[in-house]
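Just so you know, ligand 1 is whichever comes first in the structure, and atom 1 is the first atom listed for that ligand. Because the structure is predicted, anything quoted here is derived from the model rather than measured. Along the sequence shown, residues carry numbers from 1.
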Amino acid sequence: MPSKTAYLEFHTKHKVEFLNITQDVARVVKESGVKEGMVLVNAMHITSSVYINDAESGLIEDFQKWLKKLAPEDISLYKHNLTGEDNAYAHLWRTIMGREVVVAITNGKLDFGPWEQIYYAEFDGQRRKKVLIKIIGE
Ligand code: ZN
């Protein structure tokens, strides 16, 4: 069964960034030659997420505002930060926004619903991070 594994690497300029990775995933799917199958895309870190939603800039700001309200960045709020870490909020945001997405491949293309786009959401960036892409099918 044909399969392909690829990695995307990120080193964001800011601690928090939302990156549309749909074209990167579509390129790897095309390279795989798989016409019918599935692609898994997952963040390989516990302080970043991969999710699917609208590529609308207002909504991306809304996500950040909502996450800050649910789990503020204030380090004094969390036990995790007593270990010397300062990223408890990032672990919580990752859990809320999710680890991975799975998308069907039909006729060699990502088979999305209307407006669906794949995002990598970085919550504790300014260092090297990776996303795994795993494709299976035929
Ligand atoms: Zn941590």
Side-chain angles (χ1 to χ4, degrees):
M1 173 161 67
S3 69
K4 183 176 175 75
T5 304
Y7 300 89
L8 302 178
E9 289 194 8
F10 303 94
H11 192 138
T12 59
K13 196 167 155 194
H14 305 287
K15 276 254 180 205
V16 177
E17 282 189 34
F18 284 55
L19 305 170
N20 187 334
I21 60 170
T22 310
Q23 292 314 310
D24 300 288
V25 177
R27 174 180 44 79
V28 177
V29 167
K30 195 175 174 191
E31 287 166 7
S32 75
V34 168
K35 299 295 178 206
E36 296 294 323
M38 302 280 211
V39 57
L40 163 78
V41 186
N42 73 266
M44 299 184 82
H45 303 269
I46 53 179
T47 54
S48 56
S49 290
V50 171
Y51 72 92
I52 291 181
N53 216 305
D54 197 353
E56 194 277 310
S57 59
L59 181 67
I60 289 163
E61 282 182 39
D62 292 338
F63 275 131
Q64 293 177 55
K65 200 168 145 191
W66 176 66
L67 289 166
K68 285 176 185 179
K69 199 168 153 189
L70 286 174
E73 289 153 292
D74 179 0
I75 61 168
S76 70
L77 295 172
Y78 306 104
K79 282 191 177 174
H80 179 60
N81 293 331
L82 298 175
T83 64
E85 297 230 21
D86 62 358
N87 63 359
Y89 76 92
H91 292 285
L92 299 176
W93 292 10
R94 187 272 168 93
T95 304
I96 294 164
M97 295 299 286
R99 172 181 182 265
E100 77 279 306
V101 300
V102 176
V103 181
I105 301 165
T106 305
N107 292 325
K109 295 208 163 128
L110 294 166
D111 200 347
F112 285 129
W115 306 109
E116 286 188 329
Q117 296 282 292
I118 306 171
Y119 270 80
Y120 173 70
E122 177 60 75
F123 305 134
D124 188 19
Q126 299 173 319
R127 58 199 169 105
R128 203 166 147 265
K129 297 277 197 84
K130 281 163 58 169
V131 161
L132 169 68
I133 300 174
K134 174 75 83 174
I135 298 163
I136 54 168
E138 55 185 23

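Applying salt bridge (charged side-chain N to carboxylate O under 4.0 Å, His left out) to Glu9 and the options Lys130, Arg127, Arg128 leaves one that passes, Arg128.
Evaluation of the side chain to side chain donor-acceptor pair (under 3.5 Å) test over residues 53-62, restricted to residues two or more places apart or in two chains, returns none.
Between the side chains of Tyr119 and Gln117, no donor-acceptor pair is found at a separation under 3.5 Å.
Under a cut-off of 6.0 angstrom, the local environment of CD in Glu138 is sparse, with at most 12 non-hydrogen atoms contributed by other residues, nucleotides or ligands.
Within Glu85, the N/O/S atom positioned nearest the Zn ion (ligand 1) carries the name OE1. Closest approach between the Zn ion (ligand 1) and any N/O/S atom of His91 involves NE2.
Under 2.8 Å from the Zn ion (ligand 1) lies an N/O/S atom of Asn87, whether from backbone or side chain.
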